[in-house]
Each structure stands twice: as C-alpha cells, then as structure tokens.
Amino acid sequence: MAMANSLTLHFLLPTLFFSFFFLLLKHKKQKSPPLPPGPTPWPPVGNLPHMFFNKPAFRWIIALMKHMNTDIACIRLGRVQVIAVTCPDIAREFLRRQDAIFASRPRTMGTEYSSRGFLNVTSSPLGEQWKKMRRVVASELMTRSRLNWLAPKRVEEADNLVCYLYKQCRRDGCGGAVVDVREAAR
C-alpha cells in the first residue's frame with residue numbers, strides 16, 4: 001500500500017508540475033500582442049548596441065526600415081519596445097485613433113523620483129490626473145494672452161544672457177574666451 005502511494009506521488013507530482021508549466025507558457029504566449037517586424041534584439045539590452053554603433057540613431061532606423069521594406073518597425077531598447085513609423089496614414093492611426101493606448105509612459109523609479117511622485121505633466125502616466133494637468137496647462141499657461149504677457153520677461157532674460165556671455169568673452173581683454181554655457185544658463 002505504501003509503495004503504491006509512493007509510486008502515485010512520484011508520477012502525479014511531475015505530471016502536475018509539467019501541466020502547470022505548459023498552461024502558464026500557453027497563457028503567456030496568448031497575452032503578448034503581435035508586434036511589427038524589427039531587428040533581432042539581444043536578450044538583456046535589446047537593440048541598444050545596434051543604435052550605439054550606428055549613429056545617428058534615426059538614420060539607422062530609417063535605413064533599417066528601408067532594408068526591411070516596411071513602414072512600421074519594432075525596436076527594443078532594453079525592456080521598452082519602441083514602434084517607429086514612416087507612413088503618414090499609420091502615424092495618423094497612432095496619434096488620433098489609438099492615442100490613449102500609446103500615450104502612456106513607462107512607470108520607472110527614476111521618473112517617479114525626478115517628478116516628485118508624477119506631479120508634472122510631462123512624466124505622469126496617462127490617467128485622470130494627467131488629463132486634469134493637461135487641461136490646466138492648455139487653458140491657463142499656453143494661451144496667447146499668457147504668452148504675450150510673459151514676452152517682455154523672455155526678452156529681458158535673453159538680453160541678460162547675451163550681455164553675460166559678451167562680458168565673459170571680453171574679460172580676458174584679447175577679444176575672445178572660452179565660456180561655460182552650462183554656467184551661463186543657470
């Protein structure tokens with residue numbers, strides 16, 4: 001009796017394990033959507049080495065799409081998949097009809113900390129908070145009257161920057177100098 005239970009256990013346990021593993025793989029394969037064609041990515045880094053060695057990256061992407069004879073391509077950059085489009089009709093589909101799907105940004109720890117918990121409109125994920133912030137920016141900050149009201153301040157700051165750069169160039173007395181633009185822009 002004990003041997004029969006042991007034999008059943010040795011047969012049943014691996015069978016359950018493999019069937020569970022097979023169902024998990026089958027379920028995972030069904031979830032992933034079909035992606036456009038693209039270059040074969042390296043497992044951990046994707047196509048980042050290709051982009052690093054073929055600069056500028058946009059020319060490499062366009063040449064790749066011409067070589068593959070396609071208007072849409074999927075390029076993997078690390079864990080993120082980037083969809084490149086050259087056809088205006090496909091781009092219109094992306095930007096008008098499927099905007100809510102493709103507008104969300106990946107939630108990373110870096111963007112969360114740099115935006116102090118997604119408190120700015122540029123890095124917050126798509127949702128109700130983003131829609132509210134976009135509405136405020138569009139109606140209050142990016143209006144013609146607000147831009148006209150701030151135009152003298154922009155001109156004044158541009159004049160200050162040019163004056164500062166001029167003084168930095170003249171400080172050596174020889175008519176020219178090296179200026180750290182990063183320091184000037186602060």
Give every donor-acceptor pair under 3.5 Å between a side-chain atom in residues 147-155 and any protein atom, sequence neighbours left out.
| from | atom 1 | to | atom 2 | distance (Å) |
| --- | --- | --- | --- | --- |
| N148 | ND2 | R144 | O | 3.3 |
| R154 | NH1 | L147 | O | 3.3 |
| R154 | NH2 | L147 | O | 3.4 |

Side-chain donor/acceptor pairs under 3.5 Å, residues 47-62, sequence neighbours excluded:
| from | atom 1 | to | atom 2 | distance (Å) |
| --- | --- | --- | --- | --- |
| N47 | OD1 | R76 | N | 3.0 |
| N54 | ND2 | H50 | O | 2.8 |

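In plain terms, the two heavy atoms of A138 and T143 that are nearest each other are O-CG2, 3.7 Å. The nearest pair of heavy atoms linking G46 to P41 is CA-CB, 3.7 Å. For C74 against Q81, the heavy-atom pair with the smallest separation is SG-CB, 4.0 Å.
Between atom CD of residue E93 and atom CD1 of residue I90 there is a gap of 9.0 Å, rounded to the nearest 0.5 Å.
A side-chain contact (heavy atoms from CB on, under 4.5 Å) with M68 is found for exactly one of I72, D71, L64, namely L64.
With sequence neighbours excluded, no residue forms a side-chain hydrogen bond (donor to acceptor under 3.5 Å, both in side chains) with R135.
Two different hydrophobic clusters hold M133 and V136 under the rule that ILVMFWY side chains link at heavy-atom gaps under 4.5 Å.
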